[in-house]
Amino acid sequence: WAELDQFIKQWGDGGKKVIPRIALYTSGGANPTSYQATPQWVFDAGADFITLIDSDTGKKLVWPVPWDLVFLRKYENFVRVFGRRYDGHPAIESVEIGLGLFATTRLALRNPQDAAEKFIAKGFDPDTKQPWMDTIRKVMQFHREAFETTPLRMTITHFTNCAAVSRALCKSVESDNDDDSAPRVGILAKEAAAKGIVIHYHNLMGTDRFLARPWLKLYEEIHAQYPHAKTSFGTDNPTNNAARYGIIRDIVRYAFGGNISGKGIYPQSHISYLSLYADDIARSTP
């Protein structure tokens, strides 16, 4: 735990709090964990996995099959020890629940192109979204049991891209080619809110495309059903792609609702937090 302890102390000494995140698998980047975030000894113990080629770097990726029983047992053991050590730590704001790709509810993106296909071969049903739905529930539950004091946060997004469902669906949706999992994501988000888990969406944009997505409406439903629930929005590095993500000023307005110049008045989303990259904060000042 030395590396995490040092990180927490560094920011704690500066009067800041941190949000540790457990990543089970990811891609891209220079860090070796970008290619295999789950330790090799977990796979040596019998946990199932898939291998892929990173579309950007050409390097081999090793991803666990999240619903594999050996993997889940090892993961739960880790989270319980993690909780015994850090639950209630004064310098930890919350712990982000590690789920799928990039520690979100995303099982696979459209790149690598065969990621969803390989998960389907391992048992994922693109129609029922099982066993991914129940896996998320299990992971939520043992995090909730391990962290009785420290708040938890879960990042939500679509499960896969449309190609994992059908070509017809891909023809009927725009841009990001997200799948048809939004209603089921909403079910899981409400179940998490009922457990006191903060719901976070990390692809906030200052564009009309974001307004066409289901997350503002979902947040309103969560707060109507659970008045004490906490929700947050965050950006996905718009400083690198302003054309895609929009103007920071509009991103903030889309997060909190209100009158957006030339676009009308949008409902309050009742969010509790807004997270921006450091570069974004500089751009949005004052």
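Index from 1, following the sequence. Keep in mind that this is a model prediction, so the values were computed, not measured.
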Do other residues, nucleotides or ligands put more than 12 heavy atoms under 6.0 Å from the [atom1] atom of [X]?
X	atom1	result
L69	CG	no
Q10	CD	yes
Q40	CD	yes

Using 0.5 Å steps for rounding, measure from the [atom1] atom of [X] to the [atom2] atom of [Y].
X	Y	atom1	atom2	answer
D54	K59	CG	NZ	9.0 Å
E117	T160	CD	OG1	12.5 Å
R213	L204	CZ	CG	10.0 Å
L109	S55	CG	OG	9.5 Å
N161	R110	CG	CZ	7.5 Å
W41	K74	CH2	NZ	5.5 Å

Salt bridge (charged side-chain N to carboxylate O under 4.0 Å, His left out): pairs with one or both residues in [range], sequence neighbours excluded:
range	value
residues 63-73	none
residues 8-32	K9-D13
residues 27-47	none

Under 4.5 Å between any side-chain heavy atoms of [X] and [Y], yes or no?
X	Y	result
L218	Y201	no
V95	D87	no
S232	S272	no
K190	I199	no
V198	S94	no
L52	D114	yes
L99	T104	no
Y245	N203	yes

Give a yes or no on whether [X] and [Y] share a hydrophobic cluster (residues Ile, Leu, Val, Met, Phe, Trp, Tyr; joining criterion: side-chain heavy atoms under 4.5 Å apart).
X	Y	value
F43	W67	no
F102	L188	yes
V81	I22	yes
V70	V139	no
Y273	I197	no

- For T157 and H202, what are the C-alpha separation, side-chain angles and deciding distance, and is it a side-chain hydrogen bond (donor to acceptor under 3.5 Å, both in side chains)? CA-CA 8 Å; T157 189; H202 75 301; 5.3 Å; no
- Query: Hey, mind stepping through H158 and W215 against ring pair (Phe, Tyr, Trp, His ring centres under 6.0 Å) and telling me if it holds?
  - Reply: CA-CA 11 Å; H158 294 88; W215 314 119; 5.3 Å; yes
- From CA spacing to verdict: salt bridge (Lys or Arg N to Asp or Glu O under 4.0 Å), R80, E76: CA-CA 6 Å; R80 292 192 184 279; E76 181 176 355; 2.7 Å; yes
Minimum heavy-atom separation for [X] to [Y], with atom names?
X	Y	result
F233	H200	C-CE1, 3.5 Å
F159	V185	CE2-CG2, 3.6 Å
A108	A115	CB-CB, 3.8 Å
P66	Y25	CG-CE2, 4.2 Å
G123	P131	O-CD, 3.3 Å
H143	G98	NE2-N, 4.1 Å

- Take T135 and W132 through the test side chain to side chain contact (heavy atoms under 4.5 Å, CB included) and record every step on the way to the result. CA-CA 5 Å; T135 300; W132 185 222; 4.0 Å; yes
- Message: Run E145 and Q141 through side-chain hydrogen bond (donor to acceptor under 3.5 Å, both in side chains) and show every step you take.
- Response: CA-CA 6 Å; E145 293 170 357; Q141 184 59 34; 2.9 Å; yes
- Task: Using atom types as modelled and distance alone, determine if a side-chain donor or acceptor of K118 lies under 3.5 Å from a backbone N or O of T51.
- Result: yes
- Message: Strictly distance-based, threshold 3.5 Å: is any side-chain N or O of W63 a donor or acceptor partner for the main-chain N or O of T26?
- Response: yes
- Task: Classify the ring geometry between F78 and Y75 as parallel (under 30°), tilted (30 to 60°) or perpendicular (over 60°).
- Result: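 Parallel, since the angle between the ring planes stays under 30°.
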- Task: Report the relative orientation of the aromatic rings in F210 and Y254; use parallel for angles under 30°, tilted for 30 to 60°, perpendicular for over 60°.
- Result: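 Rings of F210 and Y254: tilted, as their planes differ by 30° to 60°.
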- Query: Ion pair present between D179 and R184, side-chain N to carboxylate O less than 4.0 angstrom?
  - Reply: no
- Query: Looking at K217 and E221, does any basic side-chain N land under 4.0 Å from a carboxylate oxygen?
  - Reply: yes
- Task: Please lay out, stage by stage, how V62 and T38 fare under the test side chain to side chain contact (heavy atoms under 4.5 Å, CB included).
- Result: CA-CA 8 Å; V62 182; T38 294; over 6 Å; no
- Query: Regarding T150 and H89, is there a side-chain donor-to-acceptor distance under 3.5 Å anywhere?
  - Reply: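 Side chains of T150 and H89: no pair found under 3.5 Å.
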- Query: Stepwise, does the side chain to side chain contact (heavy atoms under 4.5 Å, CB included) test hold for V165 with K129?
  - Reply: CA-CA 10 Å; V165 181; K129 315 304 180 190; 3.7 Å; yes
- Query: Do W1 and Y86 have ring centroids that are under 6.0 Å from one another?
  - Reply: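 Judged by ring-centre distance (under 6.0 Å), Y86 and W1 do meet the cut-off.
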- Task: Output, in order, the C-alpha distance, side-chain angles, deciding distance and verdict of side chain to side chain contact (heavy atoms under 4.5 Å, CB included) for Q113 and N111.
- Result: CA-CA 5 Å; Q113 292 184 351; N111 291 320; 3.7 Å; yes
